[in-house]
Protein chains: 2
Amino acid sequence: MELDDTDRAILRILQRDARTPFSEIARQIDMSSATVHDRVGRMEEAGVIEGYHAAVNPKAVGFGTSALVGLTVEQGHEEETLQQLRDLDGVQEVHLTTGEWDVVLRVYAADTDGLRELMFEHIAAMEGFSRSQTMVILGTDYESEELPL
Amino acid sequence: MELDDTDRAILRILQRDARTPFSEIARQIDMSSATVHDRVGRMEEAGVIEGYHAAVNPKAVGFGTSALVGLTVEQGHEEETLQQLRDLDGVQEVHLTTGEWDVVLRVYAADTDGLRELMFEHIAAMEGFSRSQTMVILGTDYESEELPL
DNA sequence: GTTGAAAAAATATTGAG
DNA sequence: CTCAATATTTTTTCAAC
C-alpha cells in the first residue's frame, strides 16, 4: 500500500495516542473526520496498522526485571526450540539474529529469582539448548512505541 | 496501586485491543461499563496504563531492517552519550545492561545501507564511543505487545 | 478522495444503593 | 464499589461533489 503524507500524519498521531478521536485528528491535519475514518480503515485493512494496544507499566503488574538473552541453538532443533521459546511465559520477543547469537530474546520476570527460574529451569532445560548469555536490563533509558515517520 | 483480578482482566483486554468499547469489556468480565470506566480511569491515573498506541507495521512505512546494537561507553561520557543516542532517528530503545555491553539499543533503518549510515556516521562517530557489536535481526519469530497477566 | 450531515454507538457523568 | 439513567461525544454511514 502506498502511503502519502496525510496517511503518515495520521499514523504519527495514532502511534502517540491510539484513542485520539477522529474529529481531533481531522482538526490537526485539516481534513474532515470522514476522510480520517476512511484512511484509517484502509490502513487497518492493508495491515499498515496492526492493532491498538494499551501500554502497561511492567513494574505495576509485578514484572520488576527484564533481560535480553542471547542463545545458541543446536542444529536440527531450530523449529521445536523456537516453538518452545514462544510458549514460555515471560518471553516477550524472539529474534533471529546475525552475530554471536542465533536467537535473542526479550524476557520479563517478577524479580531476579524469577529470571533465574526462567533461565535455568525452562530455557537451559530445553532440548537443543547449547549456550546463552543473559544481559539483565538495569534500566531502560529510552523506549519509544513510535516509529519515526 | 493494588490491582485485583478484575483490573488484570481489564488490562488483558486493553493490551490485546485498546479500542475495545467499555461496554464490551464490561460484558466480558460481567460488570457494568461504569465500573470499567472507573477502573480504567484509576489505572491511567496511577500510571499502570501508560498510554494507548497504534502498532504500525515497520515494513509498511519503510523500515525494512532492524538490529540490536551492543555498545561500550567510555567512562565520563555516559550522560552525553545516552542523550545523543536517544535523539538519533531510528533508535527505538536504549537499555543499560549487565554483561558484555554497557548499553544495548534496538534500532530501525530503511535497509542495510541505512543501518550502515546509522552505525558508522552517527553512533561510531560519537564522542565517548568505544566499541560496538551489531546483531542484525534477520527475522522476528515472535513479538508480543502484551505482558502475561 | 473528499465532504457535511444524519444515524448509530460508545463514553462520560451523575445520583443513589 | 457498583448500578442505572442521562447527557455528551464519537464513530459510522451515505448521498453528493
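Keep in mind it's a predicted model, so treat the numbers as computed, not measured. We name chains A, B, ... by the order of the sequence lines, and we start the count at 1 in each one. For the numbers below, each heavy atom of this structure counts, side chains included, while hydrogens, waters and symmetry mates do not.
Judged purely by atom type and a 3.5 angstrom limit, B/Q15 uses its side chain to pair as donor or acceptor with the backbone of B/L147.
In terms of phosphate contacts, A/T35 brings a side-chain nitrogen or oxygen within less than 4.0 Å of OP1 or OP2 of C/dT3. For A/H37 and D/dT12, the shortest distance from a side-chain N or O to OP1 or OP2 is below 4.0 Å. Dashed line: the shortest gap from a side-chain N or O of A/S33 to OP1 or OP2 of D/dT11 is not under 4.0 Å. The side chain of B/R19 contributes no N or O atom lying less than 4.0 Å from OP1 or OP2 of C/dA10.
For the residue pair B/E24 / B/Q28, a side-chain donor-acceptor distance below 3.5 Å is found, with atom types taken as modelled. Using a 3.5 Å distance cut-off with no hydrogens or angles, the side chains of A/E44 and A/Y52 do pair a donor with an acceptor.
A/E44 has its CD atom 12 Å from the P atom of D/dT11, to the nearest Å. Distance CE (A/M31) to P (C/dG1): 11 Å, rounded to an integer number of Å. Atom P of nucleotide D/dT13 and atom CZ of A/F22 are separated by 11 Å, given to the nearest angstrom. In this structure, A/I25 atom CD1 and D/dT10 atom C1' are separated by 12 Å, rounded to whole Å. Look at CD1 on B/I10: it is 12 Å from C1' on D/dT2, rounded to the nearest Å. The distance from atom CG of B/L14 to atom C1' of C/dT11 is 14 Å, rounded to the nearest whole Å. We find that CD of B/E24 is positioned 22 Å from P of D/dT10, with the value rounded to whole Å. As rounded to whole Å, 15 Å separates atom P of C/dA12 from atom CZ of B/R42.
Between B/V103 and the options B/T72, B/T97, B/L96, a side-chain contact (heavy atoms from CB on, under 4.5 Å) holds for only B/L96.
For A/A34, whose side chain is taken as the heavy atoms from C-beta onward, the closest listed nucleotide among D/dC3, D/dT13, D/dT2 is D/dT13. Minimum atom distance to the side chain of B/D38 is reached by D/dT2, of the listed D/dA4, C/dT11, D/dT2.
In this structure, CG on A/D102 lies 8.5 Å from CD on A/Q75, to the nearest 0.5 angstrom.
At the heavy-atom level, B/S23 lies under 4.0 Å from the strands shown only through sugar-phosphate atoms.
Both B/P21 and A/S32 lie near DNA chain C, and the one whose nearest nucleotide falls closer to the 5' end is A/S32.
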